[in-house]
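See structure below.
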Amino acid sequence: MATEPAHFTRTEDGGFMPTRFALSRWGDDHLNGPAVVGLSAQVLESLCGSPDFMPTRLTVDLLRAARSVPTTVDARVVRDGRRVRSVECDVVQDGRTVARATLLSYRRSSPPPGVLWSPSIPNPSPPPPDDQTMPFIGSDAGWTRTPAAHQNDSRKRFYYGGINVVAGEKVSPFARAAIVAEATSLVTNLGTKGVGYINGDLTVALSRLPVDDWICIQADSHWASAGIAVGAATLFDHKGAFGSGLTTAVANPAAQIDFASRPFPPTGVNYE
């Protein structure tokens, strides 16, 4: 339904207009990462989506701060092969590219013989999902709706259903996974003083599509030196782990997001 929360509405000229749900805490008119990532994922999936191909790796470079202005997406096919498909797009505002994304898809097939090592990672125990759009964030402090209680140095988790990318268009499992994966930055960069690193990219790699509407992402690692951070996280549905998120980030202390001292955004959907 068009009345459901969404990051964008379609414009008459085929573009997209950000809504209040696309706004970020980094600046009054800045767009959040899930909005930009979700838009890229949806457009690229529509360009090359197929039941025979699995959208396996999406990389989005966040080149500039996206603003709350009319937005267009220029998408193109790079390679349309028998086993591998590659497409890319530019997210454009005011004639400038603010993000560039690449999607790599592989043809589904049978696995090769043999048994491979994989880590034994128990599913996080999330709170029961509900019909609200607000996500949950978790740490050693338990689960809450707001991040202020989780400004600590323990492992972070994020549990979210993901709103529609475009009003009136149901979000797909792939786009939902990409939106939730953007929280890799949050779960790896949230510390005792809030979030002081801003991610410049996201890579999400999926072995399969999620089977649930609500997805959990849990931090795996965070490495930082000289104001540069790398964070990795794992995506879960009720069947188990199905993908990974990876972000690189740069220190942004001048715009540090301290959830304990700054009011929660009116949308209640996005934390960064």
Side-chain angles (χ1 to χ4, degrees), residues 4-7 32-35 37-42 44-46 49-60 103-106 108-111 116-139 142-145 147 150 155-165 169-188 190 202-221 231-247 269-272:
E4 293 177 339
H7 292 297
N32 58 61
V37 167
L39 183 62
S40 302
Q42 179 157 314
L44 291 177
E45 184 181 28
S46 68
S50 164
D52 295 330
F53 280 79
M54 171 65 203
T56 305
R57 193 262 295 158
L58 173 72
T59 296
V60 184
L103 173 62
L104 193 67
S105 300
Y106 295 131
R108 291 179 168 95
S109 64
S110 299
L116 283 73
W117 173 88
S118 64
S120 177
I121 306 175
N123 267 30
S125 298
D130 53 36
D131 59 359
Q132 300 184 47
T133 59
M134 283 182 62
F136 294 89
I137 185 166
S139 70
W143 288 101
T144 68
R145 290 287 192 177
H150 307 283
R155 192 179 202 176
K156 309 301 189 306
R157 304 167 190 87
F158 189 73
Y159 190 49
Y160 187 33
I163 63 174
N164 290 342
V165 176
E169 301 176 19
K170 175 90 174 151
V171 65
S172 71
F174 170 64
R176 188 192 306 277
I179 289 170
V180 177
E182 213 281 332
T184 300
S185 180
L186 176 67
V187 298
T188 60
L190 176 59
L202 168 72
T203 293
V204 53
L206 306 175
S207 64
R208 60 173 173 83
L209 295 176
V211 297
D212 299 326
D213 288 344
W214 283 70
I215 301 170
C216 184
I217 186 166
Q218 178 174 258
D220 286 330
S221 64
T234 298
L235 291 154
F236 298 85
D237 59 15
H238 84 272
K239 293 179 66 175
F242 65 91
S244 300
L246 176 70
T247 62
V269 173
N270 297 296
Y271 293 143
E272 292 185 85

Query raised in the report: Are the side chains of Ile179 and Val165 in touch, meaning some heavy atoms are under 4.5 Å apart?
Result: yes

Requested in this report: Using the test salt bridge (Lys or Arg N to Asp or Glu O under 4.0 Å), find all partners of Arg176 that sit at least two apart in sequence or belong to another chain.
Outcome: Asp213

**Report entry** Residues forming a side-chain contact (heavy atoms from CB on, under 4.5 Å) with Ser221, sequence neighbours excluded
**Finding:** Trp223, Ala232

Query raised in the report: Of all heavy-atom pairs between Pro55 and Leu209, which one has the smallest distance, and what is that distance?
Result: CG-CD2, 4.0 Å

**Report entry** side chain to side chain contact (heavy atoms under 4.5 Å, CB included) assessment of Glu182 paired with Asn32
**Finding:** CA-CA 10 Å; Glu182 213 281 332; Asn32 58 61; over 6 Å; no

Query - Atom pair CG/CD1 of Leu186 and Ile137 - distance to nearest 0.5 Å - result: 4.5 Å

Query raised in the report: Do side-chain atoms of Trp143 reach the backbone of Arg157 as a donor and acceptor pair under 3.5 angstrom?
Result: no

Query raised in the report: Is there a side-chain contact between Ile217 and Tyr160, using heavy atoms and a 4.5 Å cut-off?
Result: no

Check residues 234-241 and write down every donor-acceptor pair under 3.5 Å in which the side-chain atom is one partner and the other belongs to a residue at least two apart or another chain.
| residue | atom | partner | partner atom | Å |
| --- | --- | --- | --- | --- |
| Thr234 | OG1 | Asp220 | OD2 | 2.4 |
| Asp237 | OD1 | Arg208 | NH2 | 2.9 |
| Asp237 | OD1 | Lys239 | N | 3.0 |
| Asp237 | OD1 | Gly240 | N | 3.3 |
| Asp237 | OD2 | Arg208 | NH1 | 2.7 |
| Asp237 | OD2 | Val211 | N | 3.0 |
| His238 | ND1 | Asp212 | OD1 | 2.8 |
| His238 | ND1 | Asp212 | OD2 | 3.0 |

Report summary line: In terms of heavy-atom contacts, His150 and Gly142 come closest through CE1-O, 3.0 Å

Requested in this report: Give the minimum heavy-atom separation between Thr133 and Pro5, together with the two atoms involved.
Outcome: CG2-CG, 3.5 Å

Query - Straight-line distance of Thr56 OG1 to Arg108 CZ, nearest 0.5 Å - result: 8.0 Å

Report task. Quick one: list whatever passes side-chain contact (heavy atoms from CB on, under 4.5 Å) with Asp130, sequence neighbours left out. Result -> Gln132, Phe136, Arg145, Trp214

Report task. Just jot down the ring-ring contact (aromatic ring centres under 6.0 Å, His included) partners of Phe242, sequence neighbours excluded, or say none. Result -> none

Query raised in the report: Minimum heavy-atom separation for Asn164 to Lys170, with atom names?
Result: OD1-CA, 3.7 Å

Query raised in the report: From Leu202 CG over to Ser185 OG, what is the distance, rounded to the nearest 0.5 angstrom?
Result: 9.0 Å

Query raised in the report: Is the count of non-hydrogen atoms from other residues, nucleotides or ligands lying under 6.0 Å from Phe53 atom CZ greater than 12?
Result: yes

Query raised in the report: Would you say Leu103 and Phe174 make side-chain contact, with heavy atoms under 4.5 Å?
Result: yes

Requested in this report: Return the set of residues passing side-chain hydrogen bond (donor to acceptor under 3.5 Å, both in side chains) with Ser244 (not counting sequence neighbours), or none when no residue passes.
Outcome: none

Query raised in the report: Which pair of heavy atoms, one from Val187 and one from Ala233, lies closest together, and at what distance?
Result: CG2-CB, 4.1 Å

Query raised in the report: Atom CG of Leu44 and atom OG of Ser105: how far apart are they, to the nearest 0.5 Å?
Result: 9.0 Å

Query raised in the report: Where do Ala219 and Thr188 come nearest, in terms of heavy atoms and distance?
Result: CB-CG2, 4.0 Å

